[in-house]
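Take a look at the structure below.
In this text, all values refer to a predicted model and were calculated from it rather than measured experimentally. All heavy atoms count here, side chains included; hydrogens, waters and symmetry mates do not.
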Amino acid sequence: MHTMWKGTISFGLVNIPVKMHAATDNKDIQLRQLHKKCKTPIKYKKVCPNCEEEVSNDDIVKAYEYSKNKYVILDDEELEKLKNDQEDKAVEIIDFVQLDDIDPIYFSKSYYLSPNEGGSKAYALLREALKDTQKIGIAKMMIRSKEQLAVIRVYQGALVVETIHFPDEVRSTKDVPNIPEQNEEIGKKELDTAKLLIEQLTTEFEPEKYQDDYRIKLEALIAEKLSAEEVTVSQETKSTPDNVTDIMEALEKSINRAKKNQPKPRTKKKAAAKKPATTKTSTAKKKATS
């Protein structure tokens, strides 16, 4: 299992060297976009709408838009320093709470924790303590350049990190339109019927019985087309020349075009050499003497 992060989880004076691994997989089927005409995959370029030219990563800076079209530029060194200041800190569990105290709306993503070298005993200690007390730990940590609020809990014998949203990241229900008032009048008969239906459909949660029906049907459709050999082979994409090649090519074309359009230089007409006047007379004399 790929290691995404290495660090130390601490509570009190106990330090646990750990590795972090993704606990979930994204099973979505990624579909490519092809040019309808020639079936070639579409490429997306970063283009400046003002200069109307393609830009490379080296030509891009990060900025915060504090007002419409007004920005504060943040260079990479400043951002890297903030990141390093946080990453150097150990992940410290700051509170222990009941899992039921946290509404599911706060939960974001799950990661498994495994003990790093020399951390097995401390790892097991925290795991057993959380199980016996039925508590979870609240901690802060840096993941992919973002400070995360997280809970540490036990799941099937492993420690799990669940990233959770900060309170200001959860929108208020007051902003949701058209929600009925809490004292909305509901008929007793309708309410009793709804409760009875809920009771009839109540069961234990068995995650294995739920599946992504759309993905399964999409996989079957793809397999069907493959078996029927309904496939398309895209044309080889032309290699994109770099900027230097582009410039040289443009210059050469410009030079050649200029040569073609340039008027031909006028050639000076050489004065016709005057034939000696004696030519005809000398010829005549030769005839006469003969």
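The hydrophobic cluster containing Trp5 does not contain Val160, counting ILVMFWY residues as joined when their side-chain heavy atoms lie under 4.5 angstrom apart, directly or transitively. In the hydrophobic cluster analysis, where Ile, Leu, Val, Met, Phe, Trp and Tyr join through side-chain heavy atoms closer than 4.5 angstrom, Ile94 is grouped apart from Leu130. Note on Tyr64: it does not cluster hydrophobically with Val61, by side-chain heavy-atom contacts below 4.5 Å among ILVMFWY residues. By the rule that hydrophobic residues join a cluster once side-chain heavy atoms approach within less than 4.5 Å of another member, Val161 and Leu99 end up as members of separate clusters. Linking ILVMFWY side-chain heavy atoms closer than 4.5 Å, directly or via other members, places Val151 and Tyr106 in a single hydrophobic cluster.
In summary, the side chains of Gln211 and Asp213 do present a donor paired with an acceptor at a separation below 3.5 Å, with no hydrogens or angles considered. No hydrogens or angles considered: nothing links the side chains of Glu92 and Ser10 as a donor-acceptor pair under 3.5 Å. Judged by distance alone, the side chains of Tyr44 and Gln33 do bring a donor and an acceptor atom under 3.5 Å apart. Between the side chains of Ser172 and Asp175, no donor-acceptor pair is found at a separation under 3.5 Å.
The environment of Tyr71 atom OH is dense: over 12 non-hydrogen atoms of other residues, nucleotides or ligands sit within 6.0 angstrom. Open room surrounds CD on Glu77; 12 or fewer heavy atoms of other groups in view lie less than 6.0 Å from it. Counted within 6.0 Å of CG on Asn178, heavy atoms from surrounding residues, nucleotides or ligands total 12 or fewer; the atom is thus considered open.
Glu219 places none of its side-chain heavy atoms less than 4.5 Å from the side chain of Lys217. Residues Arg215 and Ile29 form a side-chain contact, since some pair of their non-hydrogen atoms from C-beta on lies under 4.5 Å apart. Annotation: side chain of Gln98 is in contact with side chain of Lys135 (closest heavy-atom distance under 4.5 Å). Proximity of Tyr111 to His21: side-chain heavy atoms (C-beta onward) are nowhere separated by under 4.5 Å. Contact annotation: the side chain of Ile93 approaches that of Leu126 to within less than 4.5 Å [non-hydrogen atoms, C-beta and beyond]. With a 4.5 Å cut-off on side-chain heavy atoms, Asn116 and Val18 do not count as touching.
The CG atom of Leu218 sits 9.5 Å away from the CG atom of Asp212 when rounded to the nearest 0.5 Å. Here NZ of Lys39 is found 15.0 Å from CZ of Arg32. Values are rounded to the nearest 0.5 Å. Taken to the nearest 0.5 Å, the CG atom of Leu34 stands 12.5 Å off from the NZ atom of Lys36. A distance of 13.0 Å separates NZ of Lys121 from CD1 of Ile16, quoted to the nearest 0.5 Å.
Below 30°, between 30° and 60°, or above 60°: for Tyr210 and Phe205 the angle between ring planes is below 30°, a parallel geometry.
A salt bridge between Lys195 and Glu199 is absent, with no side-chain N of the basic residue lying under 4.0 Å from a carboxylate O of the acidic one. The pair Lys188-Asp192 meets the salt-bridge criterion, since a charged nitrogen lies less than 4.0 angstrom from a carboxylate oxygen. A salt bridge is absent between Glu54 and Lys46: the closest approach of a Lys/Arg side-chain nitrogen to an acidic carboxylate oxygen does not fall below 4.0 angstrom.
The main-chain N or O of Ala228 is never found under 3.5 Å from a side-chain atom of Glu224 such that the two would form a donor-acceptor pair. With hydrogens and angles ignored, the 3.5 Å screen pairs a side-chain donor or acceptor of Arg127 with a backbone N or O of Gly157. At least one donor-acceptor pair closer than 3.5 Å links the side chain of Asp103 to the backbone N or O of Ile105. Side chain of Glu169 to backbone of Phe166: a donor-acceptor contact under 3.5 angstrom is found. Between the Glu78 side chain and the Asp75 main chain, a donor and an acceptor come within less than 3.5 Å of each other. Judged by distance alone, with hydrogens and angles left aside, the side-chain atoms of Tyr123 form a donor-acceptor pair with the main-chain N or O of Leu159 at under 3.5 Å.
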Item to complete: Output, in order, the C-alpha distance, side-chain angles, deciding distance and verdict of side-chain contact (heavy atoms from CB on, under 4.5 Å) for Lys140 and Gln148.
Response: CA-CA 6 Å; Lys140 283 185 178 181; Gln148 298 277 4; over 6 Å; no
Worksheet item: After noting the C-alpha distance and the side-chain angles of Glu162 and Lys109, does the key distance pass the side-chain contact (heavy atoms from CB on, under 4.5 Å) rule?
Response: CA-CA 6 Å; Glu162 303 267 6; Lys109 193 166 178 61; over 6 Å; no
Worksheet item: Phe96 and Ile136: side-chain contact (heavy atoms from CB on, under 4.5 Å), yes or no, with the steps?
Response: CA-CA 6 Å; Phe96 289 95; Ile136 62 173; over 6 Å; no
Item to complete: Give the intermediate values and the outcome of side-chain contact (heavy atoms from CB on, under 4.5 Å) for residues Val55 and Val47.
Response: CA-CA 6 Å; Val55 294; Val47 177; over 6 Å; no
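Put simply, the residue from Val91, Leu149, Thr163, Ile152 that forms a side-chain contact (heavy atoms from CB on, under 4.5 Å) with Met141 is Val91.
Pairing each heavy atom of Ile42 with each of His35, the nearest pair is CD1-N, 3.7 Å. Here the closest heavy-atom approach between residue Glu117 and residue Pro17 is recorded as O-CG, 3.7 Å.
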